[in-house]
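Scroll down for the structure; my scribbles are underneath it.
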Amino acid sequence: MYRDILSDNLLPSARALKMKRGWVFQHDNDPKHTARATKEWLRKKHFKVLEWPSQSPDLNPIENHWRELKVCVAQGQPQNITALEEICMEEWAKIPATVSQTHFPNPPKPALPCLPGQDNPQSHKAK
């Protein structure tokens, strides 16, 4: 299923964004991302994939938003899919711009050792 999602969305998105050769795909160590079949599919399609060390700090700032949204949604206790959608939309709209500014302007301190050029065994590299 994950490979189908990639097939249906990754290449069309890269084309639509007019991304040239040399871009690097990022995903984390979720089992569907690290499955042999997924790795083989990506290799056959000639994708460069960012190496993601196991148990690395979460470097994707959007995860901070998802975490906050998840807490707010849980507090709303939706009873069905319609209520879930409504609560998600309401809570997402309530997130002030200042939250984005605090999550996105600079890498968080745990991310600093993972930036290129840092002498750290968890530095991320493209495969």
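The first residue of the sequence shown is numbered 1, and numbering continues consecutively from there.
To the nearest 0.5 Å, atom NZ of residue Lys70 and atom CD of residue Glu68 are 13.5 Å apart. Summarising the geometry, atom CD belonging to Gln79 is positioned 8.5 Å from atom CD1 belonging to Ile87; distances are rounded to the nearest 0.5 Å. Distance check, rounded to the nearest 0.5 Å: CH2 of Trp92 to CG of Leu69 gives 6.5 Å. Atom CG of Leu42 sits about 6.5 Å away from atom CZ of Phe25, to the nearest 0.5 Å.
Under the side-chain contact (heavy atoms from CB on, under 4.5 Å) criterion, Cys72 pairs with Glu91, not counting sequence neighbours. For the side-chain contact (heavy atoms from CB on, under 4.5 Å) test, residues two or more places apart in sequence or in another chain that qualify with Thr34 are Asn29, Lys39. Judged as a salt bridge (Lys or Arg N to Asp or Glu O under 4.0 Å), and not counting sequence neighbours, the contacts of Lys32 are Asp30. Every salt bridge (Lys or Arg N to Asp or Glu O under 4.0 Å) that Arg43 has, sequence neighbours left out, goes to Glu40. Annotation: side-chain contact (heavy atoms from CB on, under 4.5 Å) contacts of Asn80 (sequence neighbours excluded): Thr82, Ala83.
Contact of the Leu84 side chain with the Val73 side chain is registered, since non-hydrogen atoms from C-beta on lie closer than 4.5 Å.
Within the structure, no pair that satisfies the salt bridge (charged side-chain N to carboxylate O under 4.0 Å, His left out) test touches residues 7-20, not counting sequence neighbours.
Other residues, nucleotides and ligands contribute only 12 or fewer heavy atoms inside 6.0 Å of the CD1 atom of Ile81. Other residues, nucleotides and ligands place no more than 12 heavy atoms under 6.0 Å from the CE atom of Met89.
Both Leu17 and Val49 are members of a single hydrophobic cluster when ILVMFWY side chains are connected at heavy-atom separations under 4.5 Å. By the criterion of side-chain heavy atoms lying less than 4.5 angstrom apart, applied directly or through intervening Ile, Leu, Val, Met, Phe, Trp or Tyr residues, Leu10 is grouped together with Met19 in one hydrophobic cluster.
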>> Go through it in stages, so that I can follow the logic: the residues are Trp23 and Phe47, the test is ring-ring contact (aromatic ring centres under 6.0 Å, His included), and I'd like the CA-CA distance, side-chain angles, deciding distance and then a yes or no.
In response: CA-CA 8 Å; Trp23 60 274; Phe47 285 108; 5.6 Å; yes
